[in-house]
Amino acid sequence: MAGAIWRRGLWLIWLLATAGLVLWLAHTMLTESADKTVFMPGPLTSGHHQLQLDCTACHTEPLGGGEVLQQACVDCHGDERRKPFDSHPVTKFQDPRNADRLGEIDALHCVTCHTEHRPEITARDGVTQPPDLCFHCHVDIAEDRPSHRDFPFDGCKASGCHNFHDNRALYTNFLIKHLDEPETVATAVMPKVEYVELLDQLPGYPLMRYPVKPLGRDEADVPPDIAQDVTGKALDDWAATAHARSGVNCTACHETAPDAQGVTRWTDTPGMAACEGCHALEVKRFGKGKHGMRLAAGLPPMQVVEALLPMREDAAHATLTCNSCHPAHRYEARQAAADACLKCHNDAHTLAYRDSPHHRLWQKERRGDLPEGGGVSCATCHMPRVEEDVNDWLTRVMVDHNQSANLSPNSKMIRTSCLRCHGLGFSIDALADRQLIDSNFSGRPSVHVKTMELAAAEAEHRASEAGDDDDTSMFGF
Amino acid sequence: MSIKMKYGAALAVGLAMGVANAAEPGSETVSVKAMADALHMVMDSDRTIYTKTIVNRLVKKEKVIKASEHYEDDKALALPAQMFRFGSELVAERASKNPEVNFSYSLQSLWPVNKQNAPKTDAEKTGLKYVVDNVGKNYYTTETLGGKKYFTAIYPDIGVAPVCVACHNAHPDSPRKDFKLGDVMGGVVVRIPVEG
């Protein structure tokens with residue numbers, strides 16, 4: 001008798017507990033602002049952990065399957081997944097003759113090698129395949145490249161040798177072109193940013209309303225009803241910037257976009273959208289990196305304390321927006337280039353910057369002892385000057401605000417940054433030396449990668465194979 | 001309406017639809033072999049024009065620009081093989097959205113510069129040898145790859161311009177260095193998915 005009551009009681013407890021759990025999970029799933037990380041089968045990689053607040057950042061449809069996920073990858077990363085930035089673009093594998101290879105490793109889908117939520121099988125760069133996966137297609141490489149006969153298959157991706165995607169600094173002809181370079185070039189300089197000179201070619205730039213000419217404090221264009229709230233400091237700050245020198249005054253940023261009736265209003269707090277109006281390319285690149293990916297996904301901005309890298313405690317609750325590095329009104333890019341970074345980042349490499357040779361050059365440049373572009377700030381390497389397509393007809397040199405783009409594998413940094421001042425062999429060695437990186441390049445590389453020797457041997461081999469009457473000067477080899 | 005009139009009306013409508021459909025342009029059929037031949041004729045002609053009027057003229061004759069695999073870095077012309085391949089990649093992208101005209105094509109050789117372009121399937125191996133040994137003839141067969149059936153056609157790829165032969169003979173990775181103008185250097189493989 002007591003047993004029956006006990007059993008019924010247990011049934012009731014189980015029923016209530018299950019109902020409670022179902023209700024709570026349903027509430028979490030259906031409420032937009034709830035923390036859905038309870039549904040994750042495992043944590044996200046460091047590349048994507050900021051997006052864990054929003055499952056739909058990748059799972060755009062609830063039961064979408066592989067193609068939906070693939071499209072999510074391509075939407076953010078698709079720009080760099082084609083030649084020349086990708087040695088293994090999807091187009092390489094689409095021919096039906098590769099069907100048997102795809103049976104072994106499905107190279108058409110990113111998640112084959114970059115599965116999320118599986119930390120137990122995740123290696124560097126979010127790779128969830130064993131390091132010798134190259135053998136699936138390149139098992140007979142020793143025939144083409146006898147120099148590789150004794151190399152193990154799990155060493156293909158060693159630093160300075162090969163990357164699956166971006167080999168722009170490592171392909172053989174490039175290595176041969178850069179043989180026998182000095183470690184440091186004497187008069188190295190960064191390319192200048194192009195913007196003001198191209199404004200008349202930028203479609204959509206409001207030249208009629210904001211012609212490019214220097215403006216004084218009295219031309220700030222503050223609406224009369226706002227004028228008494230504007231501090232002298234704000235005006236002074238603005239007047240010293242490139243904005244004031246180029247005809248961009250208050251209403252350019254503090255005016256909202258026209259509403260349905262075409263009416264604009266003053267706003268005290270213009271958001272990223274105000275910057276985007278003219279600096280769309282920078283904002284787009286910012287949204288692809290770890291500083292801006294939350295904002296690009298429509299989530300609240302990233303807070304410093306949520307970062308996985310070591311950060312300064314006194315910056316814990318700072319949020320990441322354009323203003324984090326470019327303070328409001330005094331948009332001083334030179335301060336943003338290093339001082340802004342040092343306010344938050346607290347890892348070995350950052351802390352070692354102040355005592356590094358690179359920093360000494362930066363100080364020289366700021367004093368005027370070196371020409372502009374001759375010093376090395378954080379931005380020199382981590383937000384390098386790159387040529388970016390504005391549209392099909394216009395390219396401009398801009399600061400790449402995606403500081404994650406050339407971080408890992410770090411050979412991506414060679415062409416954007418290192419090669420401006422250093423030789424290729426020296427750069428490859430330096431980037432392979434973890435201790436040197438942590439000391440912010442204070443000293444010489446203590447490792448040596450054999451890449452340049454292999455390239456030199458290949459160049460010699462080609463020279464000896466070439467016949468006497470072979471005129472190879474018109475070809476690229 | 002009486003029963004007879006209803007039947008008559010239905011018959012008239014049916015006949016009208018049949019006649020209308022038969023007259024609709026584009027419903028006529030061609031054989032899959034004719035489709036492959038036609039595709040090859042276009043892709044071969046386009047590449048021949050590119051090789052002769054652009055690459056050969058500017059690189060070998062006028063010597064004003066190089067041709068290079070790494071054409072962006074070297075500020076050079078893309079190679080004819082690359083022009084061909086980029087076309088096939090764009091086709092793959094477009095054709096995947098249009099199952100009625102889904103086809104693929106690629107350039108292969110028994111003496112490829114890049115080993116990944118050596119023949120892989122049995123049909124490719126047989127076909128590439130066939131077009132070398134039987135001058136002027138094409139090779140046609142069917143294949144099943146990845147569970148799908150294809151009509152496969154292999155056409156001889158001939159070195160039509162001096163640059164073709166000069167570059168392949170001088171290239172460090174080329175396994176053959178004695179090509180002559182007019183030699184069969186490889187083959188174009190066209191694949192069209194078929195039913196059954």
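Numbered from 1 within each chain, the chains take letters A, B, ... in sequence-line order. What you are looking at is a predicted structure, and each value in this text was computed from that prediction instead of being measured. Just the heavy atoms: all of them, side chains too, but no hydrogens, waters or symmetry mates, feed the values below.
- Each of A/Pro96, A/Ala99, A/Cys137, A/Gly103 has some count of heavy-atom pairs under 4.5 Å with chain B, and the biggest count is that of A/Pro96.
- Taken to the nearest 0.5 Å, the OG1 atom of A/Thr91 stands 10.5 Å off from the CG atom of B/Leu90.
- In the model, A/Asp95 has no side-chain atom that pairs as donor or acceptor with a side-chain atom of B/Tyr105 under 3.5 Å.
- Ranking B/Phe86, B/Tyr71, B/Tyr150 against chain A, the residue ahead of the rest is B/Tyr150, based on heavy-atom pairs under 4.5 Å.
- Here B/Lys115 does not pair with A/Asp140 in a salt bridge; the nearest charged N to carboxylate O distance is not below 4.0 Å.
- Heavy atoms of A/Asn98 lying under 4.5 Å from chain B belong to its backbone as well as its side chain.
- For A/Gln201, the CD atom sits in a packed shell: over 12 heavy atoms of surrounding residues, nucleotides or ligands are nearer than 6.0 Å.
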**Item:** ring pair (Phe, Tyr, Trp, His ring centres under 6.0 Å) assessment of B/His70 paired with A/Tyr171
**Value:** CA-CA 10 Å; B/His70 303 278; A/Tyr171 67 89; 3.6 Å; yes
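- Contact of B/Lys177 with chain A is made through the side chain alone, with heavy-atom distances under 4.5 Å.
- Residues of residues 409-417 of chain A having a heavy atom under 4.5 Å from any heavy atom of chain B, listed by number: A/Arg415.
- Residues A/Arg145 and B/Asp173 are paired through a salt bridge, judged by an N-O separation under 4.0 Å between the basic side chain and the carboxylate.
- For chain B, no part of A/Arg82 is nearby; none of its heavy atoms comes within less than 4.5 Å.
- Ionic pairing of A/Asp100 and B/Lys120 is present here: one or more N-O contacts between side-chain nitrogen and carboxylate oxygen are shorter than 4.0 angstrom.
- Residue-environment remark: CD (B/Glu62) exceeds the threshold of 12 foreign heavy atoms within 6.0 Å.
- Taking both residues in full, the closest heavy atoms of A/Arg97 and B/Ser106 are given as CD-OG, 4.0 Å, listed atom of the first, atom of the second, then distance.
- In this structure, chain A has a heavy atom under 4.5 Å from the side chain of B/Gln108, while its backbone stays farther away.
- If you tally non-hydrogen atom pairs under 4.5 Å between each of A/Arg168, A/Lys177, A/Glu143 and chain B, the highest count goes to A/Lys177.
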